[in-house]
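Naming: A, B, ... by sequence-line order, numbering from 1 per chain.
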Protein chains: 2
Amino acid sequence: MSAKDTISRLLRCRAVLEKLKLLGMVKVYSDNLAAAVGVSAALVRKDFSIFGLTGHRRGGYRIDDLLSQLNRILGRDQPLKVLIVGCGKIGTALMNYRGFGTQGVRIIAGFDVDPEKINPNAVPPVYPMDDFERVMNAEQIRVAILATPENTAAHVAERMIMAGIRGILNFAPIPLKGGPSCLVQNIDIALELENLYYFVRLGEATEERRGK
Amino acid sequence: MSAKDTISRLLRCRAVLEKLKLLGMVKVYSDNLAAAVGVSAALVRKDFSIFGLTGHRRGGYRIDDLLSQLNRILGRDQPLKVLIVGCGKIGTALMNYRGFGTQGVRIIAGFDVDPEKINPNAVPPVYPMDDFERVMNAEQIRVAILATPENTAAHVAERMIMAGIRGILNFAPIPLKGGPSCLVQNIDIALELENLYYFVRLGEATEERRGK
DNA sequence: TAGATTGTTAATCGATTAACAATC
DNA sequence: TAGATTGTTAATCGATTAACAATC
């Protein structure tokens, strides 16, 4: 899906632009952005043109302008509020993840069925799973991270979807399918490792062949 | 990159096949696999044909045969040994991740610069970063997970690559680029959430329009 | 002006799908 | 045999790139 890839690239452009701005830079060329994001300059301009992001012929792009246009498109007005379901190791790690603060992601609460994990006074608080629907509605949240063990993941996801969650980032070690009312993005860590390993071995195989 | 996608699909097919085998099933059709993996049957057969995986006209595929052929291609002979660099919240969570055991991924050790994190008696053990090269060579490891904070990630990655690591799965909240000797797969959690959120909002927008 | 960069169009490339002959 | 499924080819689809006129 290219729409997805286009948005990914725009998000990465935004991250780069924010860093450039902090460094005090004022303008940037498609060439610079492309190098920073790791794609071709033509593709950066193409992505921009899809959303009507414009610069100045000969003069590149004003970083401020580009950022405010990107923020309008990508929605950076309010922070992205997220719930975490499953407060085991991974869930807990994500509760206080450093990478979120800078990116405008805010973890509002965690949920678990294990009474020992509950702690409404922590920041973010951890509530019993029974409170999920209530908190979700009270805070108007539509995106959640799923981080339960494999055996409960599908069941829990169903409950979240029933409650009205529209997007799930799934860290459970089993891929889930979305549905008409809910998008699912699976993060399959074991699969990523095995995929990486395949190409590592492939590279070694071709190296050996060359070496001969 | 399709090669990457093809391998991902084959890995997912393998995972499905292993479950079917546990259930006592003997044969499977491209149709079944496709539904389980969430792609078209034609694509499953296409992926198979790229690697010469064959079944029986009219008779589908024998699960045992397919599994052993897939294992040959994807390399399931020995477990995939992995090191983790950075034993903060995320790194520690991955140290004992349940999803790895079943998939043949084995975390051999973790590393950190913080003396308080060191524990050579834990399973897996956590060593000082100074021991990285030694352990990597002793265990013949080529793939590692990077889970340090943003500010040290690039520097640490460089050290890992110098040491001879060939593949890095990067959980640090800053995308890294690979190089000729090392592949990098970035897991950018904030970006995944923002991407998901974009399409959630997009869906809501079109729903509203329909509602009118 | 001369030179450089954008914005966009057309060309290319590659992945997926459709379709069907082969065949069990 | 009749029917169903594979393996593969050709068609389609879509994303990326190349190229260049517009223009600052």
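In this structure, NZ of A:Lys46 is placed 16 Å from P of C:dT12, rounded to the nearest angstrom. Atom P of nucleotide C:dA4 and atom OH of A:Tyr29 are separated by 11 Å, given to the nearest angstrom. Rounded to a whole Å, the CG atom of B:Asp5 is 16 Å from the P atom of D:dG14. B:Asp31 has its CG atom 16 Å from the P atom of C:dA19, to the nearest Å. Rounded to whole Å, atom P of C:dT6 lies 17 Å from atom CD1 of A:Ile50. Separating the CG atom of A:Asp47 from the C1' atom of D:dT16 is a distance of 10 Å, rounded to the nearest angstrom. The nearest whole Å value for the distance from the CG atom in B:Leu53 to the C1' atom in D:dT6 is 13 Å. One can place CG of A:Asp65 at 14 Å from P of C:dT6, the figure rounded to the nearest angstrom.
For A:Ser49, no side-chain nitrogen or oxygen approaches OP1 or OP2 of C:dG7 to under 4.0 Å. Here B:Ser40 does not reach the OP1 or OP2 of C:dT16: none of its side-chain N or O atoms lies under 4.0 Å away.
Side-chain contact, B:Tyr197 with A:Arg142: a donor N or O sits under 3.5 Å from an acceptor N or O.
Remark: the backbone N or O of A:Thr148 is not paired with any side-chain donor or acceptor of A:Thr152 at under 3.5 angstrom. Although no hydrogens or angles enter the test, the distance criterion places no donor-acceptor pair under 3.5 Å between the side chain of A:Asp112 and the main chain of A:Gly86.
Note on residues 50-105 of chain B: pairs passing ring-ring contact (aromatic ring centres under 6.0 Å, His included), not counting sequence neighbours, are B:Phe48-B:Tyr61, B:Tyr97-B:Phe100. Pairs passing the side-chain hydrogen bond (donor to acceptor under 3.5 Å, both in side chains) check and including a residue from residues 66-75 of chain A, sequence neighbours excluded, read A:Arg14-A:Asn71. Applying the side-chain hydrogen bond (donor to acceptor under 3.5 Å, both in side chains) rule to pairs touching residues 34-49 of chain B yields B:Thr6-B:Asp47, B:Arg9-B:Asp47, B:Ser30-B:Arg45, sequence neighbours excluded.
Consecutive pairing runs in DNA chain D reach the stem threshold at C:3-24 with D:3-24, where a stem means at least three Watson-Crick or G-U wobble pairs with distances under 3.5 Å.
DNA chain D is contacted by both A:Leu43 and B:Phe48; B:Phe48 maps to the nucleotide lying nearer its 5′ end (nearest heavy atom per residue).
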Problem set entry | Derivation of the salt bridge (charged side-chain N to carboxylate O under 4.0 Å, His left out) call for A:Glu150 and B:Lys19 | CA-CA 13 Å; A:Glu150 170 171 2; B:Lys19 284 185 185 169; 3.0 Å; yes
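With sequence neighbours excluded, no residue forms a salt bridge (charged side-chain N to carboxylate O under 4.0 Å, His left out) with B:Arg12.
Note on ring orientation: taking the six-membered ring where Trp is involved, the planes of B:Phe111 and B:Tyr127 are tilted (angle from 30° to 60°).
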Protein and nucleotides 20-24 of chain C: nitrogen or oxygen contacts under 3.5 angstrom:
from, atom 1, to, atom 2, distance (Å)
C:dA22, N3, B:Arg57, NH1, 3.3
C:dC24, O4', B:Arg57, O, 3.3

